[in-house]
Amino acid sequence: MSKRFAGFLIRPQWMYGGTQVYRSKSAAAAVLTAALAAVTISVPQASAATGCKVAYEVTNEWQGGFIAKVDVTNLGDPVTSWRLTWSFGGGQTVSQIWNGTVRQTGAQVAVDNVNYNGSLATGASAGIGFVVNGSTSPAPADFALNGTSCTGQAPPPPDGLAQAHTAGRVTKSGQYSWPGVYFEGRFRGTGVGVVLNDSNNDYDVQVDGTTVATLVTPGKVTHWVNNLSNAEHRVRLVKRTESPWAAGEFGGFVAASGGSILAKPAARSRQIEFIGDSLTAGYGNLSTTRDCSSNGGVARNTNTDVSFGALTARALNADYQVNAFSGRGMVRNYNGGDPGTSYRTYYDRALLHVDGDVWQNPGTWKPQVVVVGLGTNDFSTALRPGEQWPTQESLVAAYRSAYVAFLQKLRTRYGSGTTIIVGVPQASGAFADAARQVVQDRTNQGDSRVRYWNFADSALDLLGCDWHFSARDHRLIATKLGDYLAGLSLGW
């Protein structure tokens, strides 16, 4: 006679998208830079997820007794020791056991591993056998491994956002596409893993304020930072590049063996939103030459985390969003491209490539300052035949009308207490004049918290890719913006 009772698969928390994290061989490994710690892509033992399945079988029986075996499979994180427990419901007692050590108190049975079978990797099994005095019925059905019931019910997938702080436009599933989106966490232990799924963007991983790795289009991977001091640390993941055609996905932070992910850092009381184009996004700002065709291209030379917006916000200990989209204007895109669309087409979205997508503000994003910089693409190239604006004057009129309406949208969204700054990087010309008039129009309508900020400066070298701001320029602008904000009554 034989009887089997088996549990079902329980997906452990350190598995991502149903696929076990594995040793990465992506191109990103070649560009990782170590600062605080040794960095690996291998998977150490994590600390949270547990799950198991059990197969119980009676292999022999006689009057008054029987022999049974149990195969237990670990479906959670790797363990270095285990205890399997169950209860007998018919007064049965274990008289002999192999491949484990047994203790029984009444109906409760606990079997501990022996020295040669204590380590169970994910998916690994251990088998025990034992002799029982009593009837085969009823069979035990309440097996548990290290306190977790082997019920066969899969736990809900881990919420990677629950223990990470971000102010960026991130969907509930952890997807995003705007540049500069960042995730911050806290952990205790000697290492941390960053779960990512993104083959389009570059990222920086920072631990305790220092960049320890740069990930270039990492793909689907858990990136591990190991060999840290066994203490409490902070980890930050930031998206460096733009990807309006595709979303990245963050799967959370996971702790190395013996450690734990702690409650996420508190949100900062100050919030700033930056709205703009490539100048705001940090397009090509790491380059020291305007032609980036031979030094990695625009993507490898872009880092939104050192754009003037990010620098300004961090100097003020503020959370921020950089909602910037290269090549887009208030009404007209660069060189008249993609007619019928503009920055305003995309502003409300979390995922830029999804038509009609709308970011769901969780109610926590209420910036005290919004810095808008749109107009370079509207006016930097001459109108072409066939465009909807027959003259420069008609383009200026459309720009002003759209800008005033856009500012009203921001005012309605964020309230009368938010200061809105219209930023212009040019000392004079159609762009500067039109933006100045937009602010005047709003002031005439009674909106006293819309300000005009012209940050043109002859010291800007424009050595970024394609004549964009260099990293030095962004630092200079951030200082100027910080000084400008210090002169306003922001109430924070």
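Treat the numbers as computed from the prediction; the structure is a model and nothing was measured.
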message = With disulfide (SG to SG under 2.5 Å) as the rule and sequence neighbours excluded, what pairs involving residues 212-321 come up?
response =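 Residue pairs with at least one partner in residues 212-321: Cys292-Cys465.
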Between the side chains of [X] and [Y], does any donor sit under 3.5 Å from an acceptor?
{"X": "Thr171", "Y": "Ser173", "value": "yes"}
{"X": "Ser87", "Y": "Asp142", "value": "yes"}
{"X": "Asp204", "Y": "Gln206", "value": "no"}

Atom pair [atom1] ([X]) and [atom2] ([Y]), whose distance is rounded to the nearest 0.5 Å:
{"X": "His223", "Y": "Leu196", "atom1": "NE2", "atom2": "CG", "value": "9.5 Å"}
{"X": "Tyr203", "Y": "Phe183", "atom1": "OH", "atom2": "CZ", "value": "7.0 Å"}
{"X": "Thr304", "Y": "Leu311", "atom1": "OG1", "atom2": "CG", "value": "11.0 Å"}
{"X": "Leu145", "Y": "Arg83", "atom1": "CG", "atom2": "CZ", "value": "11.0 Å"}
{"X": "Trp492", "Y": "Leu316", "atom1": "CH2", "atom2": "CG", "value": "5.0 Å"}
{"X": "Cys52", "Y": "Trp82", "atom1": "SG", "atom2": "CH2", "value": "11.5 Å"}

ask   = Which of these passes side chain to side chain donor-acceptor pair (under 3.5 Å) with Asn333: Asp277, Thr341, Thr345?
value =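 Exactly one candidate clears the test, Thr341.
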inquiry  = Under the rule for side-chain contact (heavy atoms from CB on, under 4.5 Å), what residues qualify as partners of Pro367, not counting sequence neighbours?
reply    =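 Pro367: side-chain contact (heavy atoms from CB on, under 4.5 Å) contacts with Gln271, Glu273, Trp365, Val370, Tyr414.
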[X] side chain to [Y] backbone, donor-acceptor under 3.5 Å:
{"X": "Asp208", "Y": "His233", "result": "no"}
{"X": "Gln368", "Y": "Ser269", "result": "yes"}
{"X": "Glu61", "Y": "Gln63", "result": "no"}
{"X": "Asn74", "Y": "Leu120", "result": "yes"}
{"X": "Gln92", "Y": "Thr136", "result": "no"}

Minimal non-hydrogen separation, [X] against [Y], with atom names:
{"X": "Arg300", "Y": "Thr217", "answer": "NH2-CG2, 4.1 Å"}
{"X": "Thr101", "Y": "Asn113", "answer": "OG1-O, 4.4 Å"}
{"X": "Gln104", "Y": "Val94", "answer": "OE1-N, 2.9 Å"}
{"X": "Ser177", "Y": "Ala247", "answer": "CB-CA, 4.4 Å"}

request  = May I ask you to decide if the ring planes of Tyr56 and Phe143 are parallel, tilted or perpendicular, using 30° and 60° as cut-offs?
outcome  =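 Ring orientation of Tyr56 relative to Phe143: tilted.
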query = Per the ring-ring contact (aromatic ring centres under 6.0 Å, His included) rule, which among Phe308, Trp178, Tyr182 passes with Tyr320?
reply =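 So the option named by the test is Tyr182.
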ask   = In a check of ring-ring contact (aromatic ring centres under 6.0 Å, His included) between Phe325 and each of Tyr347, Tyr343, Phe274, Tyr346, which one passes?
value =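 Checked Tyr347, Tyr343, Phe274, Tyr346 against Phe325; only one passes ring-ring contact (aromatic ring centres under 6.0 Å, His included): Tyr346.
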key: Exceeds 12 heavy-atom contacts within 6.0 angstrom, atom NZ of Lys409   =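 Yes, enclosed.
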message = Enumerate the ring pair (Phe, Tyr, Trp, His ring centres under 6.0 Å) contacts for residues 104-124, please, sequence neighbours excluded, ordered by first and then second residue.
response =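 Residue pairs with at least one partner in residues 104-124: there are none.
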message = For residues 118-138, which residue pairs pass the ring pair (Phe, Tyr, Trp, His ring centres under 6.0 Å) check, not counting sequence neighbours?
response =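 Output for this query lists Trp86-Phe130.
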inquiry  = When you compare the side chain of Thr288 with that of Leu463, does any pair of heavy atoms fall below 4.5 Å?
reply    =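 A side-chain contact is absent here, since even the closest heavy-atom pair is not under 4.5 Å.
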task = Would you check if Glu184 and Arg234 make a side-chain contact, meaning some heavy-atom pair closer than 4.5 Å?
result =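 SC-SC contact between Glu184 and Arg234 ruled out.
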Distance-only criterion, 3.5 Å: show the donor-acceptor pairs between side-chain atoms of residues 279-287 and protein atoms not counting sequence neighbours.
{"unit_1": "Tyr283", "atom_1": "OH", "unit_2": "Asp466", "atom_2": "OD2", "d": "2.6"}
{"unit_1": "Asn285", "atom_1": "OD1", "unit_2": "Asn303", "atom_2": "N", "d": "3.0"}
{"unit_1": "Asn285", "atom_1": "ND2", "unit_2": "Asn303", "atom_2": "O", "d": "3.0"}
{"unit_1": "Ser287", "atom_1": "OG", "unit_2": "Thr289", "atom_2": "N", "d": "3.0"}
{"unit_1": "Ser287", "atom_1": "OG", "unit_2": "Thr289", "atom_2": "O", "d": "2.6"}
{"unit_1": "Ser287", "atom_1": "OG", "unit_2": "Asn295", "atom_2": "ND2", "d": "3.1"}

key: salt bridge (Lys or Arg N to Asp or Glu O under 4.0 Å) assessment of Arg349 paired with Asp357   = CA-CA 5 Å; Arg349 301 180 184 181; Asp357 181 58; over 6 Å; no
ask   = Between Asn201 and Tyr176, is a side-chain contact (heavy atoms from CB on, under 4.5 Å) present by the stated rule, with each step listed?
value = CA-CA 11 Å; Asn201 289 285; Tyr176 46 86; 5.8 Å; no
request  = Could you tell me which residues satisfy side-chain hydrogen bond (donor to acceptor under 3.5 Å, both in side chains) with Trp62, sequence neighbours excluded, listed by chain and number?
outcome  =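 With sequence neighbours excluded, Trp62 shows a side-chain hydrogen bond (donor to acceptor under 3.5 Å, both in side chains) to no residue whatsoever.
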